[in-house]
A.B. asks: 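The structure under discussion is supplied below as C-alpha cells; questions concerning it will follow.
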Amino acid sequence: MFPNMFPLATSQMQPFSALPVMPVQAMTQQATRHARRVYVGGLPPTANEQSVATFFSQVMAKIGGNTAGPGDAVVNVYINHDKKFAFVEMRSVEEASNAMALDGIIFEGAPVKVRRPTDYNPSLAATLGPSQPNPNLNLGAVGLTPGSAGGLDGPDRIFVGGLPYYFTETQIRELLETFGPLRGFDLVKDRETGNSKGYAFCVYQDLAVTDIACAALNGIKMGDKTLTVRRANQGANPQQPKPEQESILMHAQQQIALQKLMLQPALVATKVVCLTHAVSSDELKDDEDYEEILDDMRQECSKFGTLVNVVIPRPQPNGEATPGVGKVFLEYVDVDGATKARAGLNGRKFGGNQVVAVFYPENKFAQGDYEG
C-alpha cells in the first residue's frame, strides 16, 4: 500500500546530501546583509558607485573603523541616482555599526545622511555583532565631532566662497572657528590636482552661530578675493543675526581682523608699513586733531627706526571718497626699521581697536597709490 502512494521508486530518489546546497559563507552573508548595509542619503549628482565606495573605505580607515582586517571596508554599493541615495554594504556587522558614526560627513561638498536601511532588524542584528559605533573612533580625523552624529541637515550648512587658492585647510578652519568649533568641514579640491577650488562648506557644532558667522564673514576681503558666506540653501540673501546676537557679532568681527593678517600670503619686506584700524575718518576731519595724530604717530613709530615720512590720507571736505582713508603709511629709512615696526605695531590697540600692520609696496607708495 505505502509504496503505491509514492510513485517515485526508491532507487530514483536522491539522498539529501546530493541536493544543491547554498555555501555556508553565502548563507551567512545573506543573513547578515541587513545589518551590514547602511543607507546614505543626500548624495550630490556627481556621485557614482566607485566614488562612494572609495570615499567610505577611506574615511572608515581614517577613523579607525575597520575591524575585519586589512583592505577596504566597503564591498558593494548600489546607487539610486533619481532619489540621490545609496546602499553601502560593509564587510562586517561591526564595521556597518561604526559607519553610523559618519552621519553628516561632507561628501563632495554636501553633508550626507547615514542611516540604517528599512530592512534592518534590530533584534536580529543584536545577535550578530555590535549595533552601536565604537566610542573610541577618531571622528576628528574626518572633520566630525564625537557624539554629534544625527541632525546634520542642509539648512545649517554654510557655503564659503571666494577663498584665495593659497589658503590652506588649516588656515580656513582657524578663520571659521573664530565663532566656535566646527561639526563638519570640507574644502572642495580638484580631483586631478588636489588644489583648492576656492570654496568650502562647513557646519557649526552650535547651530545658533550660523547666521552670526555668515553676517560677519560675508563680504570681507581676503588677499585679492572677497568672501561670499551664506547658508548653502539660501541663495544670495543670507539671514541677519538677531538683536541679542549683535554683541557676539561685534566681538567676532574684531577677531577676524587678526585672522586676516594670519591668512595673508607671505609678503616681501619693504621700507613701508601700512597700518589699518589705527584711525577713523572722523578723527581726521579737524585740522588740529589731524596734526596731533600725525605728531603722535611720528613719536611712537620712530621708536622702531628712522622715519622718513608719515602719510595719513584725509577725507575731502566735500565728502568725496579719498583713497586710503583710515590707513597710516610709515616709510622708514631701511627695511630693518620697517620690519621692527610691523612686528611691534601689529595687534596693538589704538583707540580700542586692534591694529593690523603689513608691508606695503614701495613703488605704490612713491606714486601716491594708497588703495592697495
A.B. asks: Apply side-chain hydrogen bond (donor to acceptor under 3.5 Å, both in side chains) to residues Thr46 and Glu108 and explain how you reach the verdict.
C.D. replies: CA-CA 8 Å; Thr46 53; Glu108 294 187 0; 2.5 Å; yes

A.B. asks: Does Leu345 reach the side chain of Phe304, with side-chain heavy atoms less than 4.5 Å apart?
C.D. replies: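 Touching, per the 4.5 Å side-chain cut-off.
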
A.B. asks: Give a yes or no on whether a salt bridge exists between Arg33 and Asp119, defined as a side-chain N under 4.0 angstrom from a carboxylate O.
C.D. replies: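 No salt bridge links Arg33 with Asp119.
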
A.B. asks: Do Val38 and Glu89 have side chains that get closer than 4.5 Å, going by heavy atoms?
C.D. replies: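 No, every pair of side-chain atoms sits at 4.5 Å or beyond.
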
A.B. asks: Roughly how far, to the nearest 0.5 Å, is the SG atom of Cys202 from the CD1 atom of Ile172?
C.D. replies: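 One gets 10.5 Å once the value is rounded to the nearest 0.5 Å.
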
A.B. asks: Looking only at atom types and distance, does a side-chain atom of Glu95 sit under 3.5 Å from a main-chain N or O of Thr67, one as donor and one as acceptor?
C.D. replies: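 Yes, because the side chain of Glu95 sits within donor-acceptor range (under 3.5 Å) of the backbone of Thr67.
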
A.B. asks: Please report whether the ring centroid of Tyr360 lies less than 6.0 Å from that of Phe365.
C.D. replies: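 They do not qualify: ring centres at least 6.0 Å apart.
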
A.B. asks: When you compare the side chains of Gln58 and Thr54, does any donor N or O come within less than 3.5 Å of an acceptor on the partner?
C.D. replies: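 Not at all, the side chains of Gln58 and Thr54 share no donor-acceptor pair under 3.5 Å.
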
A.B. asks: Answer yes or no: is there a side-chain heavy-atom contact under 4.5 Å between Ile105 and Pro111?
C.D. replies: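 When only atoms from C-beta onward are counted, Pro111 and Ile105 do not touch, as no gap falls below 4.5 Å.
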
A.B. asks: I need the minimum non-hydrogen distance between Val93 and Pro130, along with the two atoms involved.
C.D. replies: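 Taking every non-hydrogen atom into account, CG1-O, 3.9 Å.
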
A.B. asks: Find the distance between OH (Tyr39) and CG (Asn80) and round it off to the nearest 0.5 Å.
C.D. replies: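 Between Tyr39 OH and Asn80 CG, I get 9.0 Å after rounding to 0.5 Å.
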
A.B. asks: As an exercise, state the distance from OG1 of Thr228 to CG of Leu217, rounded to the nearest 0.5 Å.
C.D. replies: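 Between Thr228 OG1 and Leu217 CG, I get 11.0 Å after rounding to 0.5 Å.
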
A.B. asks: Looking at Val273 and Ala341, what are the two nearest heavy atoms and their distance?
C.D. replies: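 Between these two residues, the closest heavy atoms are CG2-CB, 4.5 Å.
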
A.B. asks: Grab the two heavy atoms, one from Met297 and one from Ile312, that are nearest each other, plus how far apart they are.
C.D. replies: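 Reported closest heavy-atom pair: CG-CD1, 4.1 Å.
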
A.B. asks: Are Phe55 and Phe87 linked, directly or through intermediate hydrophobic residues, by side-chain heavy-atom contacts shorter than 4.5 Å (ILVMFWY only)?
C.D. replies: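 Looking at the clustering, Phe55 is in a separate group from Phe87.
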
A.B. asks: Taking atom types as modelled and ignoring hydrogens, do the side chains of Asn48 and Ser51 form a donor-acceptor contact shorter than 3.5 angstrom?
C.D. replies: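 A donor-acceptor contact under 3.5 Å links the two side chains.
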
A.B. asks: Output yes when a side-chain donor or acceptor of Asn98 lies under 3.5 Å from a complementary backbone atom of Asn134, and no otherwise.
C.D. replies: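 Checked: pair present.
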
A.B. asks: If you apply the rule side-chain contact (heavy atoms from CB on, under 4.5 Å), what do you find for Val188 with Ser196, and how did you get there?
C.D. replies: CA-CA 6 Å; Val188 180; Ser196 165; over 6 Å; no

A.B. asks: Whether Lys285 and Asp289 form a salt bridge (side-chain N of Lys/Arg under 4.0 Å from carboxylate O of Asp/Glu) is what I want to check.
C.D. replies: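 Not counted as a salt bridge, because no side-chain N and carboxylate O are separated by less than 4.0 Å.
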
A.B. asks: Is there a donor-acceptor contact under 3.5 Å from the side chain of Thr32 to the main chain of Ala35?
C.D. replies: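 No, because the side chain of Thr32 does not come within donor-acceptor range (under 3.5 Å) of the backbone of Ala35.
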
A.B. asks: Would Val40 end up clustered with Met100 when hydrophobic side chains under 4.5 Å apart are linked, directly or stepwise?
C.D. replies: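 Result: yes, single cluster for both.
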
A.B. asks: Are Phe201 and Phe159, when compared by the centres of their aromatic rings, separated by less than 6.0 Å?
C.D. replies: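 Phe201 vs Phe159: aromatic centres under 6.0 Å.
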
A.B. asks: Donor-acceptor check, side chain of Thr276 to backbone of Lys327, threshold 3.5 angstrom: yes or no?
C.D. replies: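 Answer holds: no.
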
A.B. asks: Does Arg314 qualify as a cation-pi partner of Tyr290, given the criterion of NZ or CZ under 6.0 Å from the six-membered ring centre and within 45 degrees of its axis?
C.D. replies: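 Flagged: Arg314 positioned over aromatic ring of Tyr290.
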
A.B. asks: Has the side chain of Arg36 got a donor or acceptor atom that lies under 3.5 Å from a matching backbone atom of Met90?
C.D. replies: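 Side chain of Arg36 to backbone of Met90, a donor-acceptor pair under 3.5 Å: yes, one is there.
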
A.B. asks: For the pair Asn218 (side chain) and Val229 (backbone), establish whether a donor and an acceptor sit closer than 3.5 Å, ignoring hydrogens and angles.
C.D. replies: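 Answer holds: yes.
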
A.B. asks: Flag the pair Arg115 and Asp103 as a salt bridge only when some basic side-chain nitrogen lies within less than 4.0 angstrom of an acidic carboxylate oxygen.
C.D. replies: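 Salt bridge between Arg115 and Asp103, a charged N being under 4.0 Å from a carboxylate O: yes.
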
A.B. asks: Kindly indicate whether the side chain of Val203, heavy atoms from C-beta on, has any atom under 4.5 Å from the side chain of Phe185.
C.D. replies: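 Sidechains of Phe185 and Val203: no contact.
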
A.B. asks: Just one of Val88, Val52, Val74 clears the side chain to side chain contact (heavy atoms under 4.5 Å, CB included) bar with Ser57, so which one?
C.D. replies: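 When Val88, Val52, Val74 are each tested with Ser57, the side chain to side chain contact (heavy atoms under 4.5 Å, CB included) holds only for Val74.
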
A.B. asks: Hey, what do you get for CD (Glu94) to CG (Leu128), rounding to the nearest 0.5 Å?
C.D. replies: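 Rounded to the nearest 0.5 Å, the CD-CG separation comes to 12.5 Å.
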
A.B. asks: Taking 4.0 angstrom as the limit, do Glu331 and Lys271 come out as a salt bridge?
C.D. replies: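 Salt bridge absent between Glu331 and Lys271.
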
A.B. asks: Checking the side chain of Tyr332 only, and the main-chain atoms of Lys340 only, is there a donor and an acceptor separated by less than 3.5 Å?
C.D. replies: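 Looks like no, no N/O pair under 3.5 Å.
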
A.B. asks: Quick one: does Glu291's side chain have a donor or acceptor within less than 3.5 Å of a partner on Glu288's backbone?
C.D. replies: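 No; zero donor-acceptor contacts below 3.5 Å.
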
A.B. asks: What heavy-atom pair brings Ile79 and Ala86 nearest, and what distance separates the two atoms?
C.D. replies: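 Closest approach of Ile79 to Ala86, heavy atoms only: CG1-CB, 3.7 Å.
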
A.B. asks: Rounded to the nearest 0.5 Å, what separation is found between the CZ atom of Arg173 and the CG atom of Leu182?
C.D. replies: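 Going from CZ on Arg173 over to CG on Leu182, the span is 5.0 Å.
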
A.B. asks: Could you tell me whether the side chain of Cys301 reaches within less than 4.5 Å of the side chain of Val310, counting heavy atoms only?
C.D. replies: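 The answer is no, as the side chains (C-beta and beyond) never meet within the 4.5 Å cut-off.
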
A.B. asks: If you compare all heavy atoms of Ser97 against all heavy atoms of Pro133, which two are closest, and at what distance to 0.1 Å?
C.D. replies: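 Answer, listing the atom of Ser97 first, then Pro133: O-CG, 3.3 Å.
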
A.B. asks: Which distance, rounded to the nearest 0.5 Å, do you find between the OG1 of Thr170 and the CD of Glu177?
C.D. replies: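 One finds 9.5 Å between OG1 of Thr170 and CD of Glu177.
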
A.B. asks: Can you confirm whether Leu275 sits close enough to Leu330 that some side-chain heavy atom of one is under 4.5 Å from a side-chain heavy atom of the other?
C.D. replies: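 Yes; the side chains approach each other to less than 4.5 Å.
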
A.B. asks: Quick one: are Ile106 and Leu187 in side-chain contact, heavy atoms under 4.5 Å?
C.D. replies: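 With C-beta onward as the side chain, the pair stays apart.
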
A.B. asks: Short question: side chain of Arg91, backbone of Asp72 - any donor-acceptor pair under 3.5 Å?
C.D. replies: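 Side chain of Arg91 to backbone of Asp72, a donor-acceptor pair under 3.5 Å: yes, one is there.
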
A.B. asks: Can you give me the closest heavy-atom contact between Gly41 and Phe85, atom names plus distance?
C.D. replies: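 Gly41 and Phe85 have their closest heavy atoms at CA-CB, 4.1 Å.
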
A.B. asks: Can you tell if the side chain of Pro361 reaches within under 4.5 Å of the side chain of Thr270, non-hydrogen atoms only?
C.D. replies: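 No. Closest side-chain heavy atoms not under 4.5 Å.
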
